[in-house]
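Atoms within each ligand, like the ligands themselves, are counted from 1 in listed order.
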Amino acid sequence: MKAAVGGYARARDLRHALELLAQTNGMGRVLAGGQSLVAALNMRLTTGDVLVDISALSECRGVVEDGDTLRIGALTRHAEIGRDPLIAAHAPLLAEATTHIAHAAIRNRGTIGGAIAHADPAAEFPACALALGAVMHVEGLAGAREIPAADFFRDTFETALEEGEILAAITIPKAEPDEVQVIEEVARRSGDYALAGLCLVRRAAGHRVSLFSTGPKPMLATGAMAALDAGDVEGAIAALKGEIDPPSDTQASGAYRRHLAGVLLRRAVARIEGGTR
Ligand SMILES: Cc1cc2nc3c(=O)[nH]c(=O)nc-3n(C[C@H](O)[C@H](O)[C@H](O)COP(=O)(O)OP(=O)(O)OC[C@H]3O[C@@H](n4cnc5c(N)ncnc54)[C@H](O)[C@@H]3O)c2cc1C
């Protein structure tokens with residue numbers, strides 16, 4: 001089947017992209033790497049969209065240091081995240097996450113901003129953003145907004161982005177000297193979306209645990225975090241299983257996903273106790 005789009009325009013810069021979106025009478029759709037959107041268009045899950053191609057916006061690309069944070073342009077591709085030295089040094093969770101995302105061809109086109117704006121509950125980067133305490137930098141004709149990751153993901157494929165807004169960048173606190181960050185997931189085949197996945201970050205202030213593919217959106221497992229802070233790994237696994245209600249589908253039952261979440265937390269704790277950053 002061919003896509004049925006209502007139009008296409010290529011933006012020169014961020015301002016131009018916002019103006020193009022404003023001219024579409026609510027039918028505008030940002031096109032970044034196209035790795036989720038084009039598939040949806042081809043399957044006619046959405047029709048009539050006026051595509052505003054932001055892929056040429058150089059100001060939304062690349063990773064830079066900004067004081068105690070890393071600023072990652074929304075158009076930075078998965079493959080670039082995976083090999084960036086600043087990411088490796090200050091946000092290794094993101095580098096490790098890219099190894100779980102799809103296949104090389106998709107990682108060469110897909111962007112971190114696209115993955116976060118798309119908000120697939122099975123995607124790795126939204127859960128990483130939650131675990132790391134990222135902030136989303138959103139631009140609109142009415143002005144800029146900064147949205148903490150904890151407030152950004154609303155539901156399945158639903159975020160705090162308003163119509164006409166563009167996610168321009170993500171900032172992430174640089175890892176502390178002794179911080180440890182790991183991601184664990186189970187997928188049927190390498191490159192498939194995870195049946196269940198978990199990010200674990202250990203900082204001086206405490207542990208942060210986020211989950212993906214266990215509910216309608218990525219979530220922080222606050223009960224498990226408190227138990228880990230108290231040094232109670234078994235209590236953390238029990239708390240984790242109690243605070244999720246995973247769905248059953250053709251891939252796995254909810255009960256199996258709950259079991260996997262506990263296994264993944266145990267694996268992640270074993271890794272951080274073994275000192276693997
Ligand atoms: C076969 C296959 C397997 C995959 N496996 C995985 C996987 O295991 N894990 C995973 O996480 N992902 C996976 N993906 C998805 C992939 O990572 C996509 O690249 C990503 O989800 C979307 O990024 P994109 O840049 O391609 O966005 P696009 O497809 O261009 O856009 C996706 C959506 O986000 C919106 N959007 C994009 N950028 C912005 C922005 N800056 N501001 C506002 N809105 C924006 C678009 O309007 C659209 O609604 C897979 C994709 C395929 C085709």
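Salt-bridge check for Arg29 with Asp53: failed, with every basic side-chain N at 4.0 Å or more from each acidic carboxylate O. Looking at Glu65 and Arg71, no side-chain N of the basic residue comes within less than 4.0 Å of a carboxylate O on the acidic one, giving no salt bridge. Ion pair Lys217/Glu158 not flagged as a salt bridge, since none of the NZ, NE, NH1 or NH2 atoms sits closer than 4.0 Å to an Asp/Glu carboxylate oxygen. Ionic pairing of Arg12 and Glu19 is not present here: no N-O contact between side-chain nitrogen and carboxylate oxygen is shorter than 4.0 angstrom. Comment: Arg145 engages Glu165 in a salt bridge, judged by a side-chain N to carboxylate O separation of less than 4.0 angstrom. The existence of a salt bridge linking Glu176 and Arg202 is excluded, since no basic side-chain nitrogen approaches an acidic carboxylate oxygen closer than 4.0 Å.
No donor-acceptor pair under 3.5 Å is formed between the side chain of Ser210 and the backbone N or O of Leu130. The closest donor-acceptor contact from the side chain of Asp178 to the backbone of Ala204 lies at 3.5 Å or more, if one exists at all. A distance-only check finds a donor-acceptor pair linking the side chain of Arg258 to the backbone of Lys241 [under 3.5 Å].
Protein heavy atom at the shortest distance from atom 31 (O) of ligand 1 is Leu37 CB, 3.8 Å. In terms of protein heavy-atom proximity, atom 42 (N) of ligand 1 is closest to Leu167 N, 2.9 Å. Considering only non-hydrogen protein atoms, atom 50 (C) of ligand 1 sits nearest to Tyr193 OH, 3.4 Å. For atom 17 (O) of ligand 1, the closest non-hydrogen atom of the protein is His78 NE2, 2.9 Å. Protein heavy atom in closest approach to atom 27 (O) of ligand 1: Gly114 CA, 3.6 Å. Among all protein heavy atoms, the one lying closest to atom 45 (C) of ligand 1 is Ala117 CB, 3.4 Å.
One distance of note links NE2 of His16 with CG of Leu14; it measures 11.5 Å at 0.5 Å rounding.
Listed by number with element, the atoms of ligand 1 under 4.0 Å from a non-hydrogen atom of Leu161 are 43 (C). Atoms of ligand 1 lying under 4.0 Å from any heavy atom of Gly191, numbered from 1 in the order shown and given with element: 5 (N), 8 (O). Every atom of ligand 1 with a heavy atom of Arg29 under 4.0 Å away is listed here by number and element: 47 (O), 49 (O). Listed by number with element, the atoms of ligand 1 under 4.0 Å from a non-hydrogen atom of Thr111 are 23 (O), 24 (P), 25 (O). For ligand 1 and His100, the ligand atoms under 4.0 Å from any heavy atom of the residue are 8 (O). Atoms of ligand 1 lying under 4.0 Å from any heavy atom of Gly110, numbered from 1 in the order shown and given with element: 19 (O), 25 (O), 26 (O). Ligand 1 places these atoms under 4.0 Å from at least one heavy atom of Gly34: 24 (P), 26 (O), 27 (O), 28 (P), 29 (O), 30 (O). Residue-ligand proximity, Gln35 to ligand 1, at heavy-atom distances under 4.0 Å covers atoms 18 (C), 19 (O), 26 (O), 29 (O), 51 (C), 53 (C).
Among the atoms of Ala123, none of the N or O lies under 3.5 angstrom from an N or O of ligand 1. When only interatomic distances are considered, the shortest N/O to N/O separation between Gly33 and ligand 1 falls below 3.5 Å. Backbone and side-chain nitrogen or oxygen atoms of Glu124 are examined, and one is located within less than 3.5 angstrom of a nitrogen or oxygen of ligand 1. Ligand 1 has no N or O atom lying under 3.5 Å from any N or O atom of Glu165, backbone or side chain.
Distances from ligand 1 to the non-hydrogen atoms of Phe125 include no value under 4.0 Å. The shell of residues lying under 4.0 angstrom from ligand 1, judged by heavy atoms, excludes Arg107. Heavy atoms of Ala39 stay at 4.0 angstrom or farther from ligand 1. Look at Val138 and you'll find every heavy atom at least 4.0 Å from all atoms of ligand 1.
Closest heavy-atom approach to atom 20 (C) of ligand 1 within the set Gly164, Ala194, Ala17, Ser36: this belongs to Ser36. Nearest-heavy-atom check against atom 3 (C) of ligand 1 across Ala102, Gly113, Ala122 picks out Ala102. Considering only non-hydrogen atoms, atom 33 (C) of ligand 1 lies nearest to His118 out of Arg77, His118, His103, Glu185. The nearest non-hydrogen atom to atom 46 (C) of ligand 1, considering only Val30, Ile106, Ile54, comes from Val30.
Residue Asp68 places its CG atom among 12 or fewer non-hydrogen atoms of other residues, nucleotides or ligands, all under 6.0 Å distant.
Remark: of the listed residues Leu20, Leu167, Leu21, Leu21 is the sole one forming a side chain to side chain contact (heavy atoms under 4.5 Å, CB included) with Val30.
Closest heavy-atom contact between Glu139 and Ala168: CG-CB, 3.8 Å.
Residues Ile72 and Ile147 share a hydrophobic cluster, clusters being chains of Ile/Leu/Val/Met/Phe/Trp/Tyr side chains in contact below 4.5 Å.
Ring-plane geometry between His78 and Phe125 is classed as perpendicular, the angle between the planes exceeding 60 degrees on a 0 to 90 degree scale with a lower cut at 30.
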